[in-house]
Number of protein chains: 2
Amino acid sequence: MLAILPNPTNTFCNLPAEKRERILAVAVGEFAANGYQKASLNNVVKRSGIAKGSLYQYFENKEGLFFHIFECFTDLVKDSANAALAEAANADFFAQLEAIVWAGIRFIDTHPDYFQIYLRVVFEQDVPRREELVSRVRLFPLEYMGPLCEAGQRAGAIRDDIEPAMAVFLVDAALERFLQAYAKPYLDSGLRLKEKNEQQLRDAVVTMIEVLRAALVPQGQGA
Amino acid sequence: MLAILPNPTNTFCNLPAEKRERILAVAVGEFAANGYQKASLNNVVKRSGIAKGSLYQYFENKEGLFFHIFECFTDLVKDSANAALAEAANADFFAQLEAIVWAGIRFIDTHPDYFQIYLRVVFEQDVPRREELVSRVRLFPLEYMGPLCEAGQRAGAIRDDIEPAMAVFLVDAALERFLQAYAKPYLDSGLRLKEKNEQQLRDAVVTMIEVLRAALVPQGQGA
DNA sequence: CCCTAATATGACCGACTGGTCATATTATGC
DNA sequence: GCATAATATGACCAGTCGGTCATATTAGGG
């Protein structure tokens, strides 16, 4: 399924860690700030203090650099989600959703530039192999949530009069938009997540999960 | 509140309608296909068969052209939403939501390029005065939905144990994402909206509204 | 018909882009 | 210490961009 992305050269991999990470950090910042097309390799080499030619000994071209960054991002996402789900493995469906939301919030706090790059990939058209990149990230929560919803329906925890796809859609929309709102205040429809303190944020998450539970639990079966 | 956007020149407004609309259509296509930054005015003049200098007699610069296009877009959106709400003025909250969704679907079918430009403005960082532009479009449904939710709570049609902001957030997230999914199949989490026929699409809309109703109606008060 | 004002034109500008390559520097094995 | 391979360098390239401007064309009023 997943086509292979070009790797950095050995020369890059053998670089001292400090230099390697400095270049990567500068490049991540540049792509986050400007998007794929407008990101300038001249800026990257200038700000990371290396020569233009060196960059082309580390990566095949602009795409190669970008794909490597995106691969780092997907690795970080997978680690983050797996850790969250491991902790909530035995909890019920909605508790697992809550764990996913918190993992997302922590991810955005820790790696805002990577999340910004992800948003750009999702919504810009001129990113090379965009749909393939998006699917690499989205496949994970979707493939996880689909079976979970179906299991919930079989167990009677989720109403069975709606398609599983619709349940997944609504949950996915709410969760993804919640994280977008957290990262981009002008998307939060008045929730003002970024102005909330820890406790208020916690309340907002709990409330959202509670409303989703009401939407998906069999009718007449209150919270 | 709303700062003034630069207008096209009189020269542009006095152009024969055919020529004016041809230029506009080409420019809309260019911005939709490439986003603000990568959109090429050289392409616009080439494809619309006018001289480079003429474009700069019609608009102050690239921003001026883009702002004019966005203003056309917001006018179309307002007309579309107002027409939908006028028809559903006396219906209940959820019927009005359904009308909004259908207006959105029709808008995307009729003006796919404009919708694409809107998505770009929302999720790209390098669009001039982006947040102001986004708020011009989002203000409308949000200012409309907020009071409607509060009225619903006072009338007992919407549960009053959640903040109105959270109700608005969830509804807005579901509706907006539904339209995004309709416009961009890789965002639809498996709903496969674009593969549905008219009747199946209608069912999907009804189901989504039904699920939202379950989420927001007072507990124990079934559909 | 002519003069003026409005409009149309495209060659041209400086800035910047992703990418190349001959050359310089450093590391390695003997 | 020397030859060879690996790495680092930045001047340079062709192409594109948004934007300008002197000049050509057209339109309108007297």
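Numbered from 1 within each chain, the chains take letters A, B, ... in sequence-line order.
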Let me know the distance between [atom1] of [X] and [atom2] of [N], rounded to the nearest Å.
X: F59(A); N: dT20(C); atom1: CZ; atom2: P; value: 16 Å
X: F66(B); N: dG18(D); atom1: CZ; atom2: C1'; value: 16 Å
X: N14(A); N: dT26(C); atom1: CG; atom2: C1'; value: 15 Å
X: Y56(B); N: dG18(D); atom1: OH; atom2: P; value: 6 Å
X: R20(B); N: dA8(C); atom1: CZ; atom2: P; value: 13 Å
X: N34(A); N: dT17(C); atom1: CG; atom2: C1'; value: 13 Å
X: E63(A); N: dG19(C); atom1: CD; atom2: C1'; value: 13 Å
X: L15(A); N: dT26(C); atom1: CG; atom2: P; value: 16 Å

How long is the gap from CD on E98(B) to CZ on R202(B), to the nearest 0.5 Å?
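With rounding to 0.5 Å, CD (E98(B)) is 8.5 Å from CZ (R202(B)).
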Do R20(B) and Y58(B) pair up side chain to side chain, a donor and an acceptor below 3.5 Å, judged on atom types alone?
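No, no side-chain donor-acceptor pair sits under 3.5 Å.
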Would you tell me whether Y186(B) and R130(A) have side-chain atoms, one donor and one acceptor, within less than 3.5 Å of each other?
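The answer is yes; a qualifying pair exists.
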I want to check something: taking the side chain as every heavy atom from C-beta on, are D113(B) and F31(B) in contact at a cut-off of under 4.5 Å?
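Sidechains of F31(B) and D113(B): no contact.
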Within the structure provided, determine whether I69(B) and Y114(B) are in side-chain contact (heavy-atom separation under 4.5 Å).
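In contact.
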For K46(B), answer base if it contacts any base atom (sugar-phosphate contacts may also be present), sugar-phosphate if it contacts only those atoms, and nothing otherwise; contact means non-hydrogen atoms under 4.0 Å.
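K46(B): no heavy atom of the nucleic acid under 4.0 Å.
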So what does L65(A) hit on the nucleic acid, given a heavy-atom distance under 4.0 Å: a base, only sugar-phosphate, or nothing?
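The answer is nothing, as L65(A) stays clear of every strand by at least 4.0 Å.
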For every nucleotide of nucleotides 10-17 of chain D, 5' to 3': is a protein heavy atom under 4.0 Å from its base (B), only from its sugar-phosphate (S), or from neither (-)?
B------S
Which nucleotide wins on minimum distance to the side chain of Q57(B), given the candidates dT7(C), dG19(C), dA8(D)?
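For Q57(B), the side-chain atoms sit closest to dT7(C).
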Nearest of dG19(D), dA8(D), dT20(C) to any side-chain atom of Y58(A)?
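Side chain of Y58(A) sits closest to dA8(D).
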L193(A): which of I105(A), L179(A), L201(A), L187(A) passes side-chain contact (heavy atoms from CB on, under 4.5 Å)
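Going through the options one by one, the only one that passes is L201(A).
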Establish, with yes or no, whether the OP1 or OP2 oxygen of dA8(D) is under 4.0 angstrom from a side-chain nitrogen or oxygen of K19(A).
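For K19(A), the contact criterion (side-chain N or O under 4.0 Å from OP1 or OP2 of dA8(D)) is met.
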Between Y36(A) and F70(A), does the ring centre distance come in under 6.0 Å?
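No, they do not, as the ring centres are separated by 6.0 Å or more.
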Ring geometry between H68(A) and F12(A) (parallel below 30°, tilted from 30 to 60°, perpendicular above 60°):
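Ring orientation, 0 to 90° scale: perpendicular.
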Dot-bracket, 5' to 3', for DNA chain D please: Watson-Crick or G-U pairs under 3.5 Å, [ ] where pairs cross earlier ones, | where the partner sits on another strand, dots elsewhere.
||.||||||||||||||||||||||||.||
Side chain to side chain contact (heavy atoms under 4.5 Å, CB included) evaluation trace for H111(A) with L76(A):
CA-CA 9 Å; H111(A) 311 290; L76(A) 287 170; 4.0 Å; yes
